[in-house]
Amino acid sequence: MVVKKDADDIKKAVLDDEVVSEEVKVPAKKKVAKKKIEEEEVEPTLVDLPGIGPAAVAKLEAAGIYDLMSLAVLPVATLSDGAGVSEAVARKAIQAARTMMKLDFVDGMEFAKKRANVTYITTGSKNVDSLLGGRGIESKAITEAFGAFGSGKTQMALSLAVNAQLSVEQGGAAGKAVYIDTEGTFRPDRIKQMAEGIGANPEMVLKNILVARAFNSDHQILLLDKISELVKNGEPIKLVIVDSLTAHFRSEYSGRGQLADRQQKLNRYMHNLMKLAETSNVAIYVTNQVMSNPAQMFGDPTTAIGGNIVGHASTYRMYLRRAKQGSRVAKLIDSPDMPDGEAVYFVTTAGIKDKA
Ligand code: GTP
Ligand code: MG
């Protein structure tokens, strides 16, 4: 299912490939992906479940369940059907997962501790980082960028994929990025330019980006399971990009009367993304197109595809647009803990920056 786009693009790793975890070599001052700064909380996995043997784990994984959270929230019937196990076994497994996941109320201190291992990835622009709270996009959250074609959504995605590999001191998460490309716009050459822009080895940077072309919305959905699996197998993935989040859904469900189906599917996808963000402690960046909204008389008459479904599920929502003298503006919309505001940035050869 996953293809390499053309022979010239062989440098990019593909999700299905064995990925070589090599460090990116950069000059002493700018270390990239050097060390793992944050002590990850060790989360129990399926094999830790009492009374569940390797055979049962294999059945769960075959049904697309790789972590305890996915298991804990499943209805018994869904699990027994999906994994081909008896209802009694399914109930036992789900109960055990719920107990282990401590799906209860936690006090404020516990909650703060959970937030403590959140990681951040700089966009490359201090202005945009500030808009998002100071350090860029964050893990356990979905950041959505929407805007017209050419507004810089993909350029920001590419920049983030490079910057994710920077050390924590340098504004990265010292990890790999996954790029789900629905439109064939991933450009290895641009990644190389941006890698050079931060003084990193372009080939190494490309190796740390796992690219998969999603051919339709079902494939796009399927790839999320693959990411959970990679994380579970120890791939240090810190960023997941979906570019574009909505294009397939939009074209496949374009008929009259299909809107409800599309929204329902998108809704489920957003929830799966959020679950991935939280269970794997990864940052998620999604891009979204706009459609013109003739009902709006003043200002920019554009609305994001997927409407409230996508909007409410995204933790941070930025509207990107072109502005004067080659500049671009990012506007934060309806953030839970940030004032709405705007930031000016530029798309440069070296990536997203404050200045041209
Ligand atoms: P759609 O996917 O079509 O909806 O658009 P998008 O928002 O993803 O746009 P994208 O991020 O691809 O932005 C494309 C724009 O980025 C171009 O029109 C250029 O203005 C700018 N750009 C792309 N590559 C470069 C580059 O190498 N140098 C500079 N300076 N600008 C670039
Ligand atoms: Mg794009």
Side-chain angles (χ1 to χ4, degrees), residues 5 8-9 12 121-125 127-128 131-132 136-137 142-164 177-198 200 202 205-206 209 211-215 217 220 239-251 254 266 284-293 300-307 310 314 316-333 342-356:
K5 278 214 305 286
D8 290 334
D9 292 357
K12 71 183 181 186
I121 301 166
T122 176
T123 58
S125 152
N127 295 343
V128 179
L131 190 70
L132 294 167
I137 69 164
I142 301 174
T143 304
E144 174 199 354
F146 70 99
F149 66 90
S151 59
K153 305 179 294 287
T154 296
Q155 295 300 313
M156 192 167 289
L158 297 170
S159 239
L160 286 165
V162 173
N163 295 341
V178 165
Y179 203 112
I180 298 179
D181 182 7
T182 70
E183 310 190 290
T185 49
F186 181 81
R187 289 282 171 276
D189 288 343
R190 274 299 277 147
I191 292 288
K192 285 186 182 174
Q193 288 175 339
M194 292 179 184
E196 278 159 9
I198 59 161
V205 169
L206 267 178
I209 303 173
V211 186
R213 179 77 199 268
F215 293 103
S217 63
Q220 185 180 330
L239 168 67
V240 173
I241 290 162
V242 188
D243 182 18
S244 125
L245 170 75
T246 45
H248 282 317
F249 291 96
R250 187 188 195 184
S251 66
S254 57
L266 253 177
I284 299 203
Y285 173 88
V286 301
T287 69
N288 194 0
Q289 273 88 359
V290 290
M291 56 189 174
S292 59
N293 178 3
D300 210 337
T302 48
T303 313
I305 304 292
V310 174
S314 299
Y316 298 99
R317 202 160 210 213
M318 282 189 292
Y319 175 51
L320 307 186
R321 66 170 196 271
R322 287 168 180 271
K324 278 179 277 183
Q325 280 141 18
S327 69
R328 282 150 210 276
V329 174
K331 183 177 164 51
L332 194 67
I333 289 162
E342 291 195 339
V344 177
Y345 68 96
F346 289 81
V347 177
T348 75
T349 312
I352 302 295
K353 301 283 171 208
D354 283 335
K355 293 200 171 71

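We count ligands from 1, going down the list as the structure has it; atoms in each ligand are counted the same way.
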What protein heavy atom lies closest to [atom]? Include the residue and the distance to one decimal.
atom                    : value
atom 22 (N) of ligand 1 : Val347 CG1, 3.7 Å
atom 3 (O) of ligand 1  : Phe149 CB, 3.2 Å
atom 16 (O) of ligand 1 : Gln155 CG, 3.5 Å
atom 5 (O) of ligand 1  : Gly150 N, 2.8 Å

Legend entry - Pair Gln289-Ser244, side-chain donor/acceptor within less than 3.5 Å: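 Judged by distance alone, the side chains do pair up.
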Inset, instruction - Answer yes if the side chains of Thr287 and Asp243 hold a donor-acceptor pair under 3.5 Å, and no otherwise. - result: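 Side chains of Thr287 and Asp243: pair found under 3.5 Å.
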Inset, instruction - Check whether any N or O atom of Met156, backbone or side chain, sits under 3.5 Å from an N or O atom of ligand 1, and answer yes or no. - result: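 No, since none of the N or O atoms of Met156 sits under 3.5 Å from an N or O of ligand 1.
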Legend entry - Test of proximity, Gly147 against ligand 1: N or O pairs below 3.5 Å: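 No - when backbone and side-chain N and O of Gly147 are compared with those of ligand 1, no distance drops under 3.5 Å.
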Legend entry - From the candidates Arg190, Lys153, Arg328, the one that places a heavy atom nearest atom 20 (O) of ligand 1: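 Among Arg190, Lys153, Arg328, the closest heavy atom to atom 20 (O) of ligand 1 belongs to Arg328.
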Inset, instruction - Could you check Arg328 against Val344 for side chain to side chain contact (heavy atoms under 4.5 Å, CB included), going step by step and ending with a plain yes or no? - result: CA-CA 6 Å; Arg328 282 150 210 276; Val344 177; over 6 Å; no
How long is the span from the [atom1] atom in [X] to the [atom2] atom in [Y], to the nearest 0.5 Å?
X      : Y      : atom1 : atom2 : result
Ile284 : Ser314 : CD1   : OG    : 10.0 Å
Tyr179 : Leu239 : OH    : CG    : 10.0 Å
Met194 : Ile352 : CE    : CD1   : 6.0 Å
Leu160 : Thr122 : CG    : OG1   : 8.0 Å
Ser159 : Arg190 : OG    : CZ    : 7.5 Å

Which ligand 1 atoms does [X] reach within 4.0 Å, using its non-hydrogen atoms?
X      : answer
Gln193 : 27 (O)
Ala148 : 7 (O)
Thr154 : 2 (O), 6 (P), 8 (O), 11 (O), 12 (O)
Gly152 : 6 (P), 7 (O), 9 (O), 10 (P), 11 (O), 13 (O)

Inset, instruction - Would you check if the Mg ion (ligand 2) lies under 2.8 Å from any N, O or S atom of Thr185? - result: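 Checking Thr185: none of its N, O or S atoms is under 2.8 Å.
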Legend entry - NZ/NE/NH1/NH2 to OD/OE distance under 4.0 Å, Lys153 and Glu144: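 Between Glu144 and Lys153 there is no salt bridge, as every charged N stays at least 4.0 Å from the carboxylate O atoms.
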Inset, instruction - Please state which part of Arg322 comes within less than 4.0 Å of ligand 1, counting heavy atoms only: side chain, backbone, both or neither. - result: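 Just the side chain.
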